[in-house]
Amino acid sequence: MFLLFHPRSLTEELRELREQPTDPQAEQEIIDSIEEVYFSSDSFDMVQYELEKLPLDLNLLELEEYRDKLKRQQAAVSTTFREELERVTSLQTNLQLAAVICTNARRQLRSAKEGFTEASLGLLANQRRRQLLTGLLKSLRTIKTLQRTDVRLSEMLEEEDYPGAIQLCLECQKAASTFKHYNCISELNSKLQDTLEQIEEQLDVALSKTCKHFDVSHYTKVQLAYKLLGKTQTAMDQLHMHFTQAIHNTVFQVVLGYVELCAGNADTKFQKMQYKDLCTHITTDSYIPCLTDLCKALWEVMLSYHLTMQWHDEHYKEDEATPGAGNAEGSDESTVGRSYVKKKLEHGLTRIWQDVQLKVKAYLLGTDVSNFKYDDFIVVLDVISRLIQVGEEFCGSKSEVLQESIKRQSVNYFKNYHRTRLEELRMFLENETWELCPVKYNFSIAQLHEFKFMGQCRSPSVSPSRQPESTEPVELFLFEQYLQGGNPFEMQIDNKEEETEDVLASNGYESDELEKSVYQDYDSDSDVPEELKQDYVDEQTGDAPVKSVSRETLRSQKRSDYNLNRANAPILTNTTLNVIRLVGKYMQMMNILKPIAFDVIHCVSQLFDYYLYAVYTFFGRNDMVCISNSITLNWTGSGSKCLLLLFLQEAGGENAGPHASPEERKEKVPSPHLSQLVVLTASDTLYGLAERVVATESLVFLAEQFEFLQPHLDTMMPSAKKPFLQQFYSQTVSTASELRKPIYWIVAAKAIDYEQMLLLMAGVKWDIKEIMSQHNVYVDVLLKEFEKFNQRLGDVSKIVRIPLPVSNVLWEHCIRLANRTLVEGYANVKKCSNEGRALMQLDFQQFLMKLEKLTDLRPIPDKEFVETYIKAYYLTENDMEQFIKNHREYSMKQLTNLVNVCLGSHINKKARQKLLTAIDDIDRPKR
């Protein structure tokens with residue numbers, strides 16, 4: 001093909017190309033550029049192929065370039081072919097050399113084989129026979145030992161050396177399997193298998209013993225034995241079955257023992273009963289001891305489980321700290337086993353605690369505890385509360401089953417208990433003579449044993465920063481505290497201390513000498529400071545007022561403040577003290593069982609409400625008090641008014657509506673009735689003022705104690721129910737002091753003869769023509785009434801201390817009623833001159849001057865009410881119209897009198913009618 005393009009021979013051209021320097025990469029690229037058809041077959045005609053490719057119009061320059069390309073391709077192929085041919089030739093030479101070496105080796109091996117003799121082979125045969133006989137002797141000795149192992153295995157089982165026995169048995173089985181071709185071994189192998197099964201049975205019994213009394217060394221042996229058997233996971237499954245069985249057997253035996261003990265006979269029917277049915281046969285007397293023993297036994301089971309988990313945790317840590325000696329496969333199996341055991345133990349916590357809850361729940365609900373004594377029920381709550389604490393430490397459970405069951409029992413018990421206590425409270429109130437219960441001057445509810453539980457926890461009203469630093473060690477968890485011994489339920493009954501109280505004073509004093517010294521202090525001024533010898537000293541500022549008070553008044557006030565008690569000693573009755581104790585018991589129950597906190601607080605509020613209602617109905621109703629219709633007082637706050645209206649509608653079973661259900665009627669408590677021994681109609685006792693003071697101030701004291709307890713109640717109340725507590729305090733407790741006004745108003749309305757004063761004022765002639773220098777007689781009569789009232793007040797203060805707020809309310813009511821009576825008397829005047837107006841002012845100023853010597857109350861109530869009315873007599877027609885619009889506190893009659901008497905003939909009929917119409921317009925909305 002190449003001869004077509006150039007006259008030189010192919011050989012010369014190829015030689016020139018080969019002599020040119022070569023680049024391997026370039027050569028490879030040239031070879032790669034050769035068309036595939038050249039490598040297709042040996043019959044391929046290259047010349048024909050290239051000629052056919054020539055175009056019709058030939059170009060010499062293109063043909064030369066294409067020819068050069070073909071030459072380069074041919075040269076690259078020739079070079080590569082030559083190199084490969086050289087390598088093939090070298091390989092052929094090496095193969096020939098290897099054939100010579102193999103021939104020589106075979107020749108030498110043939111010579112070595114011919115050099116061995118039959119004597120040498122015979123020596124080797126004898127040596128082998130000797131070794132066989134030695135092995136046989138060793139096997140016979142091992143067989144002999146195996147025949148004697150059963151005795152040693154029995155000894156080891158008696159010693160509870162389970163790991164050693166299993167190890168020996170497994171070694172014997174391994175040895176027996178080695179010699180199983182001997183006839184004598186087959187029987188021994190069967191015997192060893194029976195022995196191993198016997199060991200497993202005893203091992204299972206030993207494992208079950210750890211469920212009640214955990215022993216570290218014993219459990220370690222058992223676990224090591226199961227590990228040797230390769231049944232660690234199986235052992236864990238068996239262990240949980242034993243714990244479940246231990247719980248059932250334990251509670252059944254405890255309850256059965258008490259049932260049979262109380263039955264007093266050897267009847268075997270109880271042993272065949274189900275546990276739930278057996279619990280219904282527990283008597284009331286044995287309920288608490290059996291519950292305590294039940295919890296003690298269950299504690300031992302849970303403690304054993306806790307110690308079991310602790311044992312595994314410690315051994316896992318030791319295994320992790322020790323480098324593993326086994327292979328990787330054995331390590332993986334061990335890790336899987338540990339993971340299984342850990343998960344099984346963790347899951348078992350919840351399962352075991354659930355079993356415990358169900359057993360205790362069946363026991364709790366098996367007996368009706370609604371008629372238990374309070375102290376006994378508190379013990380039950382305390383035991384269950386401690387058991388719930390155990391459950392929380394045991395597995396972090398909230399013990400919903402126990403919570404729900406004890407809540408059911410608590411609600412049933414509390415409803416019955418509260419109903420009974422309300423009936424008792426009604427009985428106490430109806431038999432209460434409202435005499436002072438003498439307590440010490442420093443009496444506090446914290447001194448009552450019912451509130452001792454509050455001292456065991458931080459008061460919620462004190463911030464943590466204000467708490468005294470405690471040097472006591474931090475309380476340990478129960479499982480840590482009783483790890484070495486003891487039981488958290490042992491103290492529930494035996495540890496009840498005899499609690500004594502020292503809150504009552506002796507006859508109102510702590511000693512007779514103190515009583516004597518009090519009266520001596522009142523009768524002598526020798527040791528009274530000079531500033532106290534003044535007629536009056538303001539307790540807040542220390543300044544003496546303008547108006548003085550006599551020394552006798554001051555001495556009377558001292559006796560009022562200190563008689564029968566030291567200064568500010570609480571005023572309360574036996575019933576008040578009983579209510580306070582009852583509140584303490586309720587709070588103690590609420591503190592132990594928080595799920596019924598709202599129910600308890602609701603009942604606590606009912607105790608206060610009922611006491612408040614009783615005090616109001618006994619002393620606050622003014623059915624028999626009637627003065628003039630124009631003399632009225634607005635004393636009742638909106639909160640207490642709503643409360644009292646609610647009581648009047650709902651309190652008392654007999655007040656329940658006809659459509660009320662029997663259950664509702666049963667829940668309601670009848671309205672209490674005042675004891676017939678309490679006389680409220682005697683004027684010399686100021687209409688039972690002593691009893692009224694004791695009743696009202698005991699209610700105020702009770703409200704103060706509720707205010708003190710509010711932070712503690714607030715912490716116990718669920719968040720959703722806190723508005724109820726806030727409403728109770730804002731609308732009920734805080735308004736207790738307001739009852740002073742209606743209760744003491746009755747005394748004030750009866751203590752002064754206001755009707756007599758109106759009659760005396762009606763007889764006074766006011767249309768005089770000259771200015772008088774002497775006041776009217778009715779003023780002296782009224783002042784004598786006040787002096788008599790003050791004297792009676794002093795007599796009452798010898799029976800019971802009259803606090804300053806009470807004294808102020810009494811004086812305020814009396815003075816206010818007197819002033820309103822004066823205005824009413826002036827409004828009855830038919831004719832009045834300017835000199836008569838001056839006489840009115842003179843009378844009122846004389847009344848004020850003498851009154852200020854009788855009382856320390858400042859300012860005088862309704863003083864402006866009288867003065868403004870008197871000054872209104874001097875108003876003109878235009879001023880009177882403005883006066884009527886601005887002073888709506890006066891009645892229509894009083895304003896009408898001002899128009900008719902004051903202006904009189906000074907205005908015409910039309911102007912008078914205009915003023916009367918204005919008065920009528922003001923009065924119309926009041927109708």
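All values reported here derive from a predicted model rather than from experimental measurement. All residue numbers in this chain count up from 1 along the given sequence.
Rounding to the nearest 0.5 Å gives a distance of 9.0 Å between CG of Leu689 and CD1 of Ile799.
Residues Val583 and Leu607 come closest through the heavy atom pair CG2-CD1, 4.3 Å. Taking each heavy atom of Ala872 and Met880 in turn, the nearest pair found is O-CE, 3.5 Å. Contact record, Ile743 with Arg692: O-NH1, 3.7 Å, taken as the closest heavy-atom pair.
Side-chain contact check for Val866 versus Leu848: every heavy-atom pair is 4.5 Å or farther apart. Within the 4.5 Å cutoff, side-chain heavy atoms of Pro803 are placed close to those of Ile571. Within the 4.5 Å cutoff, side-chain heavy atoms of Pro670 are placed close to those of Arg426. Using a 4.5 Å cut-off on side-chain heavy atoms (C-beta onward), Thr573 and Leu436 make no contact. When side chains are defined from C-beta on, Phe618 does not count as touching Ser675, because their heavy atoms never get closer than 4.5 Å. Side-chain contact check for Gln841 versus Lys871: some heavy-atom pair is nearer than 4.5 Å. Side-chain contact check for Tyr610 versus Leu429: some heavy-atom pair is nearer than 4.5 Å. Side-chain contact between Ile752 and Leu817 is absent, with no heavy atoms from C-beta onward closer than 4.5 Å.
The side chain to side chain donor-acceptor pair (under 3.5 Å) test applied to Asn878 returns no partner, not counting sequence neighbours. Here Arg740 pairs with Glu697 under the side chain to side chain donor-acceptor pair (under 3.5 Å) rule; sequence neighbours left out. For Tyr869, the ring-ring contact (aromatic ring centres under 6.0 Å, His included) partners at least two apart in sequence or on another chain are Tyr873, Tyr890. By the side chain to side chain donor-acceptor pair (under 3.5 Å) test, Glu704 is found to be paired with no residue, residues two or more places apart in sequence or in another chain being considered. Partners of Arg792 under the side chain to side chain donor-acceptor pair (under 3.5 Å) rule, at least two apart in sequence or in another chain, do not exist in this structure.
Between Tyr611 and Ser698, the side chains place a donor N or O and an acceptor N or O closer than 3.5 Å (distance only, hydrogens not considered). Side chain to side chain, Lys893 and Asn828 meet the donor-acceptor criterion of an N or O pair below 3.5 Å. For the residue pair Thr876 / Asp879, a side-chain donor-acceptor distance below 3.5 Å is found, with atom types taken as modelled.
The cationic atom of Arg820 (NZ for Lys, CZ for Arg) lies less than 6.0 Å from the six-membered ring centre of Phe865 and within 45° of the ring axis.
Looking only at distances, no side-chain donor or acceptor of Thr732 sits under 3.5 Å from a matching main-chain atom of Tyr729. Side-chain atoms of Ser734 come within 3.5 Å of backbone N or O of Ser730 as a donor-acceptor pair.
Listed by first and then second residue, the side-chain hydrogen bond (donor to acceptor under 3.5 Å, both in side chains) pairs involving residues 773-784 are His775-Asp780, Asn776-Asp843, Tyr778-Tyr826, Tyr778-Asp843 (not counting sequence neighbours).
Aromatic ring pairs are classed by plane angle as parallel below 30°, tilted from 30° to 60° and perpendicular above 60°; the pair Phe789 and Phe786 is perpendicular.
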